[in-house]
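Since the structure comes first, as structure tokens, the remarks are kept for the end.
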Amino acid sequence: MTNPNNSEYLISSSHLELADARLKKSERLKDVGEPVQLPGKALAIEVLGNSAWIAENTTVARSIDLVSGKTTKLYRGHRGPVSTLTLWHSGSRQILITGSWDNTIKLWDANTKELISSTDAHSDFVKSLFVIPSVNLLISGSSDKLIRFWNLSLEQQPLQSAGSLSSHTRPVECLDGRALPNGNVELCTGDTMGIIRLWTLTNDDRRWTSTLKAEFNHHRTKITELYLGSEQLWTASSDETVQVHYLSEAEKRPTPPPIHHSTAVRCVLPLHLTDLQEPYIITGSGDFMRVYDVSSANEPELLNEIDAHWRDITHIRLWMRQSVDEKNNQKRIEPWIITTSLDCTVRRWRLSELLVPKPKITEPPVSVIPPQGQAGFAMTLEEEQELDELLNSD
């Protein structure tokens, strides 16, 4: 009888240790953050009012009531994990737009669940979507390294292509942008190599052309999230940092030092760039959520560190929770934070409580030797690791 392969034995042993640690942690955190259990892993989330729309690796998108935690609608039709989504309003209709590992973009009536159109958009996974509503422009990024522009319309089946960008040499992970007063669009794109590019888009007879405005390479690897606003660019990266760059040409300001974390940073929420306009950022790194006071960006202060999930946090969103005061029947709005994780939960946190420091967690992180990539997938090593993480992990 041959001896077992040592590397396989080590992987198996480490998986057992990891599974045991996660089981214990899941029990400890089972009621923390008012969790909502999902059937699958949340790969994207959008929050509007008291509702959230979630893209899942189960091939469906769903909407949930954030107050009750109950699923209100399911959107079925994709043949692969739903990797990204966004919302668009067309007149009185609310439209859900989803992108998937089946390479398509689909438009749905968010209220009736009617499938409006399906577009074969890319030659590989659709990884990011962004809408500029004032000009009815949809922008998509993909593992095929392309950024494509689409004229949004409910009359066209499929969507009409309105141009593309082929500048990136790695998958395009995230997008952000804004409409400019002159009718042009400012677009920011980030890829898995850590390259960030800032573009000006110009419309000519419903075709969009691009001009490179700036390039940033201050991150060493994958850009996981970016926010563009108030002449600031906030970015999170797998290189374990969150960074900010000032974009104003009129006001030259030195770049603040990076905010370092102990593991890859999957998400960042700069609250001062939201409607709340408070001087805080919230980051997700590993299982932990961290809250910083960035009143002085050069000297960010760590206010709180929360052991929030028992798997990696994937998204952090602001929820302006709406309720009615029973005493005087007046509408009340309170800021909450929504987090999603590979532990298949959505958790809800009152922001005021997150700003109050709690005792720091001293529990050491659990490490594991990653399993060998599975054969049979025509993907890069990076995509094989992502597939294993999102679909085949515990």
Side-chain angles (χ1 to χ4, degrees), residues 43-44 83-84 124-125 127-128 130 141-147 165-177 187-199 212-229 232-247 253-270 273 281-290 292 294 297-300 302 305 311-316 341-342 365-370 373 379-390:
L43 306 187
S83 46
T84 180
D124 209 333
F125 306 154
K127 304 203 76 171
S128 49
F130 189 77
S142 168
S143 290
D144 66 10
K145 309 167 190 174
L146 290 179
I147 298 160
L165 268 171
S166 58
S167 166
H168 285 278
T169 60
R170 295 295 297 275
V172 180
E173 190 72 17
C174 40
L175 306 165
D176 200 3
L187 172 67
C188 194
T189 62
D191 68 24
T192 59
M193 183 71 81
I195 302 300
I196 301 167
R197 293 191 170 103
L198 188 64
W199 308 87
L212 182 63
K213 185 177 179 181
E215 179 174 305
F216 307 96
N217 55 10
H218 49 277
H219 285 290
R220 300 190 311 273
T221 186
K222 179 179 177 178
I223 306 301
T224 53
E225 191 154 39
L226 55 81
Y227 277 86
L228 181 67
Q232 298 177 26
L233 173 63
W234 284 86
T235 52
S237 170
S238 294
D239 68 6
E240 304 177 0
T241 69
V242 168
Q243 302 196 41
V244 58
H245 273 251
Y246 297 109
L247 304 178
R253 299 174 63 180
T255 299
I259 301 174
H260 291 279
H261 295 65
S262 58
T263 58
V265 186
R266 282 182 175 264
C267 42
V268 59
L269 176 62
L273 297 186
I281 68 165
I282 305 177
T283 66
S285 174
D287 308 343
F288 287 84
M289 178 167 48
R290 292 174 175 84
Y292 294 86
V294 291
N298 288 318
E299 297 179 355
L302 178 62
E305 185 176 52
R311 292 292 304 274
D312 285 4
I313 298 170
T314 52
H315 299 89
I316 302 174
S341 165
L342 296 180
V366 179
S367 61
V368 61
I369 301 174
M379 295 184 293
T380 64
L381 176 60
E382 178 181 87
E383 297 295 354
E384 288 178 358
Q385 291 170 341
E386 183 172 0
L387 183 65
D388 179 73
E389 179 180 58
L390 295 179

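Values in this document were obtained by computation on a predicted structure and should not be read as measured data.
- Note that OH of Tyr292 is 7.5 Å distant from CD of Glu305, once rounded to the nearest 0.5 Å.
- Across Pro171 and Ser143, no two heavy atoms sit closer than the pair CB-CA, 3.6 Å.
- The SG atom of Cys174 sits 6.5 Å away from the CD1 atom of Ile223 when rounded to the nearest 0.5 Å.
- Residues Thr189 and Phe130 form no side-chain contact, since every pair of their non-hydrogen atoms from C-beta on lies 4.5 Å or further apart.
- The CG atom of Leu198 sits 8.0 Å away from the CG atom of Leu212 when rounded to the nearest 0.5 Å.
- Atoms CG and CG, from Asp287 and Asp312 in turn, are 6.0 Å apart once rounded to the nearest 0.5 Å.
- A donor-acceptor contact shorter than 3.5 Å links the side chain of Thr224 to the backbone of Ala236.
- Contact check for Tyr246 versus Gln232: side-chain heavy atoms found under the 4.5 Å cut-off.
- Under a 3.5 Å cut-off, the side chain of Ser142 and the backbone N or O of Asp144 do form a donor-acceptor pair.
- Inter-residue side-chain proximity for Thr235 and His218 is flagged as met; some heavy-atom pair is nearer than 4.5 Å.
- Summarising the geometry of His261 relative to Ile259, their closest heavy-atom pair is ND1-O, 3.2 Å, with the distance given to 0.1 Å.
- In plain terms, the two heavy atoms of Arg290 and Ser262 that are nearest each other are NH2-OG, 4.1 Å.
- Distance alone, capped at 3.5 Å, places no donor-acceptor pair between the Thr221 side chain and the Met193 backbone.
- Contact annotation: the side chain of Asp191 never approaches that of Glu173 to less than 4.5 Å [non-hydrogen atoms, C-beta and beyond].
- Of all heavy-atom pairs between Tyr227 and Asp176, the closest is CA-OD2, 3.4 Å.
- Contact annotation: the side chain of Arg170 never approaches that of Ile195 to less than 4.5 Å [non-hydrogen atoms, C-beta and beyond].
- Between Thr84 and Ser128, the side chains place no donor N or O within less than 3.5 Å of an acceptor N or O (distance only, hydrogens not considered).
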List the steps, then state whether side chain to side chain contact (heavy atoms under 4.5 Å, CB included) holds for Lys127 with Ser83.
CA-CA 6 Å; Lys127 304 203 76 171; Ser83 46; 5.6 Å; no
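- The minimum heavy-atom distance linking Leu226 with Leu175 is given by the pair CD1-C, 3.9 Å.
- Rounded to the nearest 0.5 angstrom, Leu233 CG and Cys188 SG are separated by 4.5 Å.
- The minimum heavy-atom distance linking Ile282 with Met289 is given by the pair CG2-CG, 3.4 Å.
- For the atom pair CD of Gln243 and CD1 of Ile196, the computed distance is 8.0 Å after rounding to the nearest 0.5 Å.
- At least one donor-acceptor pair under 3.5 Å links the side chain of Ser285 to the backbone N or O of Ala264.
- Side-chain contact between Thr314 and Leu342 is present, with heavy atoms from C-beta onward closer than 4.5 Å.
- In this structure, Trp234 and Val294 have side chains that are in contact, with non-hydrogen atoms separated by less than 4.5 Å.
- A donor-acceptor pair is defined here as one N or O able to donate and one able to accept, closer than 3.5 Å; no such pair exists between the side chain of Asp239 and the backbone of His219.
- Panel note: side chain Ser237, backbone Lys222; a donor-acceptor pair is recorded below 3.5 Å.
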